[in-house]
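Within every chain, numbering begins at 1; the chains are lettered A, B, ... in the order of the sequence lines, protein sequences first and strands thereafter. All heavy atoms count here, side chains included; hydrogens, waters and symmetry mates do not.
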Amino acid sequence: MKFTKLHTDPNSSARTGLLETDHGLIHTPIFMPVGTVGSVKGVYHRDLCEDINAEIILGNTYHLYLRPGLDILRKAGGLHKFEHWDRPILTDSGGFQVFSLTQIRKITEEGCTFQSHIDGSRHKFTPENNVDTQRIIGADIMMAFDECCPGDADHSYAEKSLKLTQGWLERYAKRFAETEPLYGYDQTFFPIIQGCVYPDLRVQAAEHALQFADAGIAIGGLAVGEPTEKMYEMIELLNPVIPQDKARYLMGVGTPANILEGIARGVDMFDCVMPTRNGRNGMLFTWNGIMNMRNAKWKDDFSELDPSGTSFVDHYYTKAYLHHLFVAGEMYAAMLASEHNLAFYLDVVRQARLHIEQGDFASWKDAAVKKITSRL
RNA sequence: GGGUAGGUACCAGAGUGGCCAAAUGGGGCAGACUGUAAAUCUGCUGGUUUUCACCUUCGGUGGUUCGAAUCCAUCCUUACCCA
């Protein structure tokens with residue numbers, strides 16, 4: 001896998017690039033829709049390709065390992081074939097579940113013991129079996145197995161956590177080097193920089209992780225409880241530390257504004273459940289601001305859903321109609337909102353790329369952020 | 001005409017002397033959501049007030065009582081059954 005930097009913005013650290021995979025090209029900056037258990041919730045793959053134009057989607061190792069399980073994934077010939085998705089896939093390792101399923105897991109130096117959130121059965125992830133599992137899933141980009149450290153952790157915990165992550169990374173890289181892709185196309189892996197909100201830990205984490213970076217590297221453990229400003233500080237801090245020829249993936253982020261600010265600070269790749277989850281819960285992101293479609297104000301607004309939207313749903317349906325679908329609890333509401341939001345997110349990164357190429361990204365970004373964070 | 005069971009907040013429906021502005025659902029109105037245990041969760045939902053508190057409210061009217069949604073009388077009314 002290869003990452004090439006293409007353009008740089010003169011007034012910020014924003015850049016465009018190209019990530020070449022065996023399943024196709026990824027133009028960065030990019031947003032990657034999250035498809036945890038083998039589907040981007042509520043959205044047809046057809047629409048993901050043609051309407052939204054997602055260039056890559058995510059899967060999740062923890063969730064897919066529990067269900068459908070490795071036997072089925074192996075028999076299916078990997079996740080691409082199983083879910084019939086021909087474009088690139090990135091899988092998270094389950095490191096986020098180490099963070100979010102804190103009540104039902106135990107961390108040791110060897111790995112992490114989980115209780116399944118589905119049936120309570122006990123399982124263990126180690127860096128080694130995590131590589132094996134992601135080989136079976138067959139992601140184009142595999143994520144290292146880490147501990148996603150909470151944003152409010154103190155320095156001592158963060159340091160201990162980082163040590164663990166670093167030890168796991170070394171073992172992960174070793175196992176990765178010893179194993180081969182199973183399905184005839186290339187796989188790469190991204191190491192993950194942890195270190196919470198502590199500059200000394202972050203820099204140290206980056207320097208360590210960079211030894212294992214091939215095409216790209218990830219910044220993890222952000223947007224997990226720390227103030228947004230701290231998140232921006234950490235990205236700024238890492239920007240000069242990470243070589244320009246590595247794709248930088250800011251994991252789990254975020255709001256459209258977070259993404260633009262991340263791009264301005266040199267980030268190339270983003271993923272987040274926000275467009276789909278918040279969409280299912282009635283929130284629409286647009287260039288003109290945020291709409292809560294359950295609000296009564298939309299009930300007799302028969303204007304098109306989003307005049308500036310790029311999805312067909314934006315011009316095919318009205319605000320009043322979507323409001324009605326949400327109030328009525330119709331699943332179609334969740335589908336339409338997810339489709340709109342993902343199309344918007346992909347439009348955000350597309351516009352960002354255009355403005356970086358034109359060289360006016362920084363000023364455009366400031367104006368855009370102001371607008372998209374307002375409430376309609 | 002006779003009998004029985006009812007009439008409680010936007011709706012349904014608990015409550016049957018003080019802890020009742022009144023459970024619980026639904027509906028309504030807002031809010032939250034960041035590598036998805038989320039088509040989920042939270043708050044508010046008689047009036048004034050930031051809270052305390054006070055005022056008005058449980059079909060109508062009139063009583064009993066220190067005190068009534070709750071007991072009594074009467075009227076209105078709904079459903080079902082019998083004729």
task: Test side chain to side chain donor-acceptor pair (under 3.5 Å) on A/Y332 and A/Y321 and set out the steps.
output: CA-CA 11 Å; A/Y332 199 37; A/Y321 179 59; 6.0 Å; no

Steps toward salt bridge (charged side-chain N to carboxylate O under 4.0 Å, His left out) verdict (A/R175, A/D132): CA-CA 8 Å; A/R175 181 63 150 234; A/D132 299 344; 2.6 Å; yes

query: Going through the distances and angles, do A/H80 and A/Y185 end up as a ring-ring contact (aromatic ring centres under 6.0 Å, His included)?
result: CA-CA 11 Å; A/H80 284 88; A/Y185 52 82; 5.3 Å; yes

message: With side chain to side chain donor-acceptor pair (under 3.5 Å) as the criterion, how do A/D51 and A/Y44 come out once you've worked through the C-alpha distance, each side chain's angles and the decisive distance to 0.1 Å?
response: CA-CA 10 Å; A/D51 188 45; A/Y44 288 111; over 6 Å; no

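Taking atom P in both B/rC52 and B/rG46, the straight-line distance is 15 Å, to the nearest Å. Annotation: B/rA22 and B/rU4 have their P atoms spaced 36 Å apart (nearest Å). The same atom, C1', is picked in B/rC54 and in B/rG27; the two are 30 Å apart, to the nearest Å. One C1' atom belongs to B/rC58, the other to B/rA14, and the distance between them is 12 Å to the nearest Å. Taking the C1' atom of each, B/rU74 and B/rA9 are spaced 27 Å apart, rounded to whole Å. Rounded to whole Å, the P atom of B/rG31 lies 24 Å from the corresponding atom of B/rA38. For the C1' atoms, the distance from B/rA30 to B/rG35 is 30 Å, rounded to whole Å. Comparing the C1' positions of B/rG13 and B/rU8 gives an interatomic distance of 9 Å, to the nearest angstrom.
In this structure, B/rU74 and B/rG60 make a Watson-Crick or G-U wobble pair, each of the two defining distances being under 3.5 angstrom. Using the Watson-Crick or G-U wobble rule with both distances under 3.5 Å, B/rG1 pairs with B/rC82. With a 3.5 Å ceiling on both atom-pair distances, the Watson-Crick or G-U wobble partner of B/rG27 is B/rU45. Taking a pair to require two hydrogen-bonding distances under 3.5 Å in either a Watson-Crick or a G-U wobble arrangement, B/rA14 remains unpaired.
Screening A/D268, A/I356, A/V348 against A/I263 for a side-chain contact (heavy atoms from CB on, under 4.5 Å) leaves a single residue, A/I356. No option in A/T4, A/D140, A/I141, A/T188 other than A/I141 meets the side-chain contact (heavy atoms from CB on, under 4.5 Å) test with A/L19. The residue from A/R350, A/E55, A/R353 that alone fulfils the side chain to side chain donor-acceptor pair (under 3.5 Å) condition with A/H27 is A/E55.
Checked against the 6.0 Å centroid criterion, the rings of A/F145 and A/Y172 do not qualify as a close aromatic pair. For an aromatic pair to be called close, the ring centres must be under 6.0 Å apart, and A/F189 with A/F176 satisfies this.
At least one side-chain heavy atom of A/T28 sits under 4.5 Å from a side-chain heavy atom of A/F3.
A heavy-atom distance below 4.0 Å to RNA chain B is reached by these residues of residues 220-253 of chain A, ordered by number: A/G221, A/A223, A/M251, A/G252, A/V253. Interface residues of residues 29-45 of chain A facing RNA chain B, ordered by number: A/V34, A/T36, A/K41; criterion, heavy-atom separation under 4.0 Å.
If you find the closest nucleotide of RNA chain B to A/C148 and to A/E330, the one lying nearer the 5' end belongs to A/C148.
Nucleic acid contact class of A/L90 (heavy atoms, under 4.0 Å, all strands): none. Counting non-hydrogen atoms under 4.0 angstrom, A/T276 reaches a base of the nucleic acid.
Residue side chain A/S100 does not reach the base of B/rU36 through any donor-acceptor N/O pair under 3.5 Å, judged by distance alone. The base of B/rG35 does not come close enough to the side chain of A/N60 for any donor and acceptor atom to sit less than 3.5 Å apart.
Ion pairing between A/E180 and A/R135 fails under the 4.0 Å rule for side-chain N and carboxylate O.
By the neighbour-count criterion of 12 heavy atoms within 6.0 Å, atom CZ of A/F312 is densely surrounded, having more than that number from other residues, nucleotides or ligands. Other residues, nucleotides and ligands contribute more than 12 heavy atoms inside 6.0 Å of the CD atom of A/E178.
The distance from atom CG of A/D119 to atom P of B/rA37 is 16 Å, rounded to the nearest whole Å. Between the CD1 atom of A/I57 and the C1' atom of B/rU36 there is a distance of 14 Å, given to the nearest Å. Spacing between atom CG of A/D271 and atom C1' of B/rG35 amounts to 5 Å, rounded to whole angstrom units. Rounded to whole Å, atom P of B/rU36 lies 17 Å from atom CG of A/N341. If you measure from atom CD1 of A/I141 to atom P of B/rG35, you get 17 Å, rounded to the nearest angstrom. Atom-to-atom, NE2 of A/H117 to C1' of B/rA38 comes out at 11 Å; the value is rounded to the nearest Å. In this structure, the CD1 atom of A/I192 is 8 Å from the C1' atom of B/rG35, given to the nearest Å. Nucleotide B/rA39 holds its P atom 20 Å from the OH atom of A/Y332, rounded to whole Å.
The two residues A/L64 and A/V37 make their nearest non-hydrogen contact at CD2-C, 3.6 Å.
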- request: Going 5' to 3' through nucleotides 27-33 of chain B, assign each nucleotide B (protein heavy atom under 4.0 Å from a base atom), S (under 4.0 Å only from sugar-phosphate atoms) or - (no protein heavy atom that close).
  value: -SSSBBB

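Regarding the sugar-base torsion, B/rA9 falls in the anti class, its angle being beyond 90° of 0.
An OP1 or OP2 oxygen of B/rU36 is reached within less than 4.0 angstrom by a side-chain nitrogen or oxygen of A/Q97.
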